[in-house]
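Every chain is numbered from 1 and lettered A, B, ... according to where its sequence line falls, protein lines coming before strand lines. No hydrogens, no waters, no symmetry mates; every other heavy atom, side chains included, goes into these values.
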Amino acid sequence: MSTVLPSATVTEPEDRLTKKALTADHPTWCPGCGDFAVLNIFYRVLEKLQYPHEKIVCVAGIGCSSRFPYFMNTHGIHFIHGRALPLATGISLSRPDVHVFVFGGDGDGFSIGGNHLNHAARKNVKLTYVIMDNFVYGLTKKQTSPTSPIGFKSKTDPTGSVDRPINPMKQLLASGATFIARTHAAQVKHMEQMFERAILHDGFSVVECLSECVMFYAGAFDDSTPRKGGTFETVDETQHDVTDEGAAFKLAENLAPGKFGVYYQVQRPTKNELEQKWITDTQAKIGGASQKDLLRKRLEAMR
Amino acid sequence: MLAKPASTPMSPGLHAPHSLRNAVIRFAGNSQDGIQSIGGFLARLAGRTAQEVMTYMTIPSTISGGPSIFQVHIGSGEVLHAGDEADVLVAFYQHSYDSHLGALRDGGVCLYDSGEVKEVRHERGIKHLGIPFTAATVEAVGGSTRDRGKNMFVLGLVCAVFNLDKEKLIGIVSRQFGKKDESVLRNAMLAFDAGFAYEVGDLERFAFEHGEAGDGHRISTDGNQMLTAGLIAAGVRYGAAYPITPWSSIMESLRTELPKYGGIYVQAEDELAAVSMTLGAAFAGHLAVTGSAGPGLSLKMEALSYASMAELPIIVINVQRGGPSTGLPTSVEQSDLMQAIYGSHGDCPRIVLAPQDVEDCFYIALEAGRLARKYSCPVIILSDQALSSRIEAFAEPDLDVHWVEPHIDLSTRREDYRPYPLDRTTHHAPPGSRMSSGKYPVISGLEHDEWGHPSGSPKMHSQMTAKRRQKLIDAAAEFPLPKVHGHQEGDVLIVGWGSTYGPIKESADRLPAEGFKVGALHLRHLHPLPNGLETIFNRYEHIVVVEMNDYGAYGYGQMATLLRARYCNPAIKSLCKTDGLAFRIREIVTGVEKHLAGAG
Ligand SMILES: Cc1ncc(C[n+]2csc(CCOP(=O)(O)OP(=O)(O)O)c2C)c(N)n1
Ligand code: SF4
């Protein structure tokens with residue numbers, strides 16, 4: 001029986017996928033914004049992986065970081081604030097042949113889209129989500145974000161933020177994401193590794209990437225930037241079992257700037273696989289009836 | 001006052017006619033008594049015997065039990081409504097009797113469970129017949145099945161009284177129970193036979209005239225099931241939703257049906273996610289559907305505006321219920337019209353359609369799919385609670401004519417491909433399509449130029465807004481002008497939309513009995529309106545728009561407000577109601593008479 005899914009999952013790209021081929025408009029970000037590095041490294045990783053150009057999809061919500069799709073020369077969709085993940089879920093589940101990447105900020109992902117993050121993670125939808133976490137709302141010009149530290153002075157908290165910031169790693173662990181990593185836009189080698197591992201993970205993979213907003217929260221990540229006198233401490237995977245959820249929670253307790261690396265990675269059936277299995281099993285049970293005959297039978301049962 | 005309609009239903013007792021064309025039977029009990037299944041069996045039987053049928057039910061919005069009714073209007077000719085009043089009341093309990101005796105017409109028949117109902121009132125010539133439903137069922141089936149199966153006893157009783165086609169009815173019942181344990185069917189048949197054989201004394205038995213609905217294949221089902229079937233026929237294979245009454249049964253059916261067709265239907269975490277997932281599937285190249293009821297539609301509004309801006313085709317079903325807010329979840333209202341047409345932010349054109357009856361639910365879904373694809377925009381189907389649950393019998397749709405094969409266009413796009421051409425309707429290149437130019441498109445919710453790049457140019461925003469608006473102008477030009485039922489000009493035109501179709505048509509037929517020239521017009525295309533309506537409106541002295549929503553601050557219901565704004569015709573008036581119940585014929589007739597008398 002035919003399905004409506006395009007059959008070929010991989011086609012040979014006509015040309016080698018280069019950084020040049022992946023480059024679109026010049027980014028509109030402020031000079032010095034951490035997001036430039038994220039974009040550059042993303043080009044590099046895709047170039048390395050050589051996915052078919054036409055099968056790459058970049059999805060984003062709203063925010064400075066969410067402008068990402070405009071700067072990537074791939075199929076892209078710039079959606080509404082906070083809803084990039086469910087949109088990407090719709091693409092991923094209905095088109096197993098394409099590679100889905102989602103980009104956004106901490107406000108987009110943890111605040112307005114917080115609920116969706118939990119659910120996409122627990123469903124283990126196959127996609128890779130990069131959160132450019134700058135601890136502030138950039139596009140709307142300096143309001144408190146869900147990751148802003150206590151005491152951060154913003155336009156909405158002029159005397160300093162009082163709400164306890166969320167701990168992204170803990171939240172992602174609790175919601176059931178199967179790949180969770182932290183990286184830093186100023187550490188390009190590390191970032192490249194994290195992106196590559198996330199993309200190759202079969203399931204819902206998230207990378208929280210500290211990415212400085214030089215306009216509204218300059219210096220936010222100096223503590224983790226050796227160039228600025230901070231320390232960049234990575235997860236030692238000879239000591240940390242990435243499949244141990246309890247250990248990952250412990251790791252997430254490290255106070256700012258915390259550790260960088262893969263916190264957690266397990267293999268669990270993806271929503272994509274489970275739904276496809278349902279389709280295959282159901283169709284096997286039905287036998288070879290055509291789709292039209294299937295509906296005809298359903299109507300006949302109403303006689 | 002009006003005369004009684006020409007086709008007066010049966011009268012009881014010795015003077016009853018032996019053959020009859022119409023009967024309205026109301027079963028009143030609790031929701032767990034299986035009265036819905038009796039109603040369902042009778043409705044299905046009507047479909048099999050070329051009769052027409054319309055059912056009406058109330059279910060309590062509580063979960064466990066509670067009073068419930070199921071009313072069946074069966075007719076040998078056209079049946080346009082579920083019946084203003086019942087000819088027969090079947091009362092299972094004292095509360096059923098007390099609450100529904102008033103719905104029985106003068107001289108009607110009341111069959112009641114003599115083990116449950118006391119103090120029978122002798123009034124209005126009603127003929128009472130006490131029958132021990134419960135005790136007789138227990139006697140027939142055995143001691144351990146108390147209460148269970150008394151619906152089958154009652155079905156047998158009704159079958160005997162109305163001289164229904166017993167063989168066919170048993171066939172329908174067996175098919176329903178066939179999937180269950182054998183003993184279930186055996187007990188059901190024992191109860192049925194006991195009811196069929198019960199001695200009803202001097203109660204006359206009646207025979208329905210043979211139906212006129214033709215001998216082709218006919219099916220009996222409800223609006224939600226017909227919408228589901230229509231969506232599948234239209235090529236919908238993906239979508240997502242969040243449960244809410246009275247929409248849920250559509251999503252439940254799609255969830256189990258679509259995998260058979262290679263598709264997926266997701267239960268999302270909320271309506272915002274649901275519409276977003278649906279847009280994701282649409283962006284990926286599918287015709288996708290989401291749906292909800294009033295409060296859920298509100299939550300989808302931001303993304304709906306996106307769909308207009310980004311020009312993505314999706315179908316959104318709104319099974320309206322009583323509002324505002326969580327309002328009356330199990331009652332009928334048509335108060336989401338403005339929300340459907342204008343809800344959300346910005347100028348965000350979309351097409352809004354409303355099915356007029358259960359059969360039309362199928363065809364409206366097909367039309368919605370075609371229009372969404374053609375104009376790359378959201379199409380909203382405004383169904384309502386009454387349509388969602390009532391059963392009607394009609395000709396089975398011919399799938400050889402109506403089947404749409406789903407397809408995704410992944411062809412390589414030419415060098416000059418623009419995702420948002422100003423001179424043409426947008427048809428997106430879904431992921432997987434190669435771009436000859438090497439430039440891949442970004443679908444955008446920001447105002448954009450023809451290539452999808454964000455653009456703040458004042459000229460571009462005006463041009464793109466005009467481009468999106470043009471879809472409505474083109475759609476209006478292709479929509480058929482609805483036909484007027486009854487007088488083509490004269491005293492009054494009754495205008496309606498959605499599930500009021502039947503009652504309005506029937507009312508229009510009754511009003512000329514009073515010497516008025518009456519026409520009825522039903523709108524299926526609510527936004528944009530088809531071109532040419534003004535020429536119809538100009539032929540009538542009064543135009544009364546009948547709808548189930550409120551008069552508002554200025555005295556006009558939602559559709560009437562839109563029509564007045566559109567046609568500037570002061571003859572347009574409103575007849576509104578907000579009691580959560582479907583319009584009765586009597587209410588429309590007297591309401592329109594008031595307008596005719598100048599009191600409107
Ligand atoms: C429904 C809705 N609410 C609010 C906004 C305004 N808004 C745009 S971006 C944004 C926050 C962006 O912050 P973040 O996600 O951290 O991204 P950044 O700009 O910092 O990269 C807000 C509140 C919006 N576009 N839509
Ligand atoms: S405002 Fe901040 S986050 Fe936005 S582009 Fe500028 S530096 Fe980057």
Self-check item: Region of B:Asp398 in contact with chain A, defined by heavy-atom distances below 4.5 Å
Solution: neither

Practice problem: Flag the one option from A:Val100, A:Leu295, A:Ile56, A:Leu85 with the top tally of heavy-atom pairs under 4.5 Å to chain B. | Solution: A:Leu295

Self-check item: Whether over 12 other heavy atoms sit under 6.0 Å from B:Tyr420 OH
Solution: yes

Practice problem: Quick one: sort the A:His53 and B:Tyr440 rings into parallel, tilted or perpendicular, breaks at 30° and 60°. | Solution: tilted

Quiz prompt | chain A interface, residue from B:Pro430, B:Pro431, B:Gly438, B:Ala281 that has the most non-hydrogen pairs under 4.5 Å | solution = B:Pro431

Quiz item: Looking at A:Thr74, A:Val59, A:Thr28, which makes the most heavy-atom pairs under 4.5 Å with chain B?
Solution: A:Thr74

Quiz item: When rounded to the nearest 0.5 angstrom, what distance separates CH2 in B:Trp403 from NZ in A:Lys292?
Solution: 8.0 Å

Quiz item: Among B:Ser444, B:Gly452, B:Gly445, which residue forms the greatest number of heavy-atom pairs with chain A at distances under 4.5 Å?
Solution: B:Ser444

Practice problem: Output the distance between atom CD1 (A:Ile80) and atom CG (B:Leu272), rounded to the nearest 0.5 Å. | Solution: 7.0 Å

Quiz item: So which of B:Thr278, B:Leu279, B:Ile264 has the biggest tally of heavy-atom pairs under 4.5 Å with chain A?
Solution: B:Ile264

Quiz prompt | Test side chain to side chain contact (heavy atoms under 4.5 Å, CB included) applied to A:Ile77 and B:Leu312, step by step | solution = CA-CA 11 Å; A:Ile77 176 161; B:Leu312 287 170; 4.2 Å; yes

Self-check item: Test item: A:Thr89 and B:Val266 side chains (from C-beta on) under 4.5 Å apart, heavy atoms
Solution: no

Quiz item: Considering only heavy atoms from C-beta outward, does the side chain of B:Leu446 approach that of A:Arg67 to under 4.5 Å?
Solution: yes

Quiz item: B:Glu396 versus A:Glu300: any side-chain heavy-atom pair under 4.5 Å?
Solution: yes

Quiz prompt | Part of B:Ala273 within contact of chain A (heavy atom distance under 4.5 Å) | solution = both

Practice problem: Determine, stepwise, if the pair B:His286 / A:Arg95 fulfils side chain to side chain contact (heavy atoms under 4.5 Å, CB included). | Solution: CA-CA 9 Å; B:His286 303 284; A:Arg95 288 291 300 279; 3.8 Å; yes

Self-check item: Closest heavy-atom pair and its distance - B:Pro259, A:Thr282
Solution: CB-OG1, 4.0 Å

Quiz prompt | N/O donor-acceptor pair under 3.5 Å between A:Gln283 side chain and B:Lys260 backbone | solution = yes

Exercise. List the atom of A:Lys123, the atom of B:Gln267, and the distance in Å for their closest heavy-atom pair.
Key: NZ-O, 3.5 Å

Quiz prompt | Check against side chain to side chain contact (heavy atoms under 4.5 Å, CB included), A:Glu54 and B:Met435 | solution = CA-CA 8 Å; A:Glu54 71 277 13; B:Met435 298 291 132; over 6 Å; no

Quiz item: Between B:Met277, B:Gln225, B:Arg175, B:His428, which residue shows the highest count of heavy-atom pairs closer than 4.5 Å to chain A?
Solution: B:Met277

Quiz prompt | Contact leader toward chain B among A:Pro69, A:Pro86, A:Ala84, where contacts are heavy-atom pairs under 4.5 Å | solution = A:Pro86

Self-check item: Close side-chain approach of A:Phe79 to B:Ile443, heavy-atom, < 4.5 Å
Solution: no

Quiz prompt | Note: A:Asp25-B:Lys439 ion pair, threshold 4.0 Å (strictly below) | solution = no

Self-check item: Carboxylate-amine/guanidinium contact B:Glu271 A:Arg83, below 4.0 Å
Solution: no

Quiz item: Where on B:Met309 is there a heavy atom nearer than 4.5 Å to chain A: the side chain, the backbone, both, or neither?
Solution: neither

Practice problem: Evaluate ring pair (Phe, Tyr, Trp, His ring centres under 6.0 Å) for A:Tyr70 paired with B:His453, printing each intermediate quantity in order. | Solution: CA-CA 7 Å; A:Tyr70 292 115; B:His453 302 136; 8.0 Å; no

Practice problem: Run the numbers on B:Leu399 and A:Leu299 for side chain to side chain contact (heavy atoms under 4.5 Å, CB included), then give the verdict. | Solution: CA-CA 10 Å; B:Leu399 291 185; A:Leu299 291 172; 4.1 Å; yes

Quiz prompt | Which of A:His81, A:His78, A:Met72 touches chain B most, by non-hydrogen pairs under 4.5 Å | solution = A:His78

Quiz item: Rounded to the nearest 0.5 Å, what separation is found between the CG atom of A:Leu87 and the CZ atom of B:Phe283?
Solution: 7.5 Å

Quiz item: Hey, what do you get for CE (A:Met302) to OG1 (B:Thr221), rounding to the nearest 0.5 Å?
Solution: 4.0 Å

Quiz item: What residue in B:Ser433, B:Gly239, B:Ser305, B:Ala233 has the most heavy-atom pairs under 4.5 Å with chain A?
Solution: B:Ser433

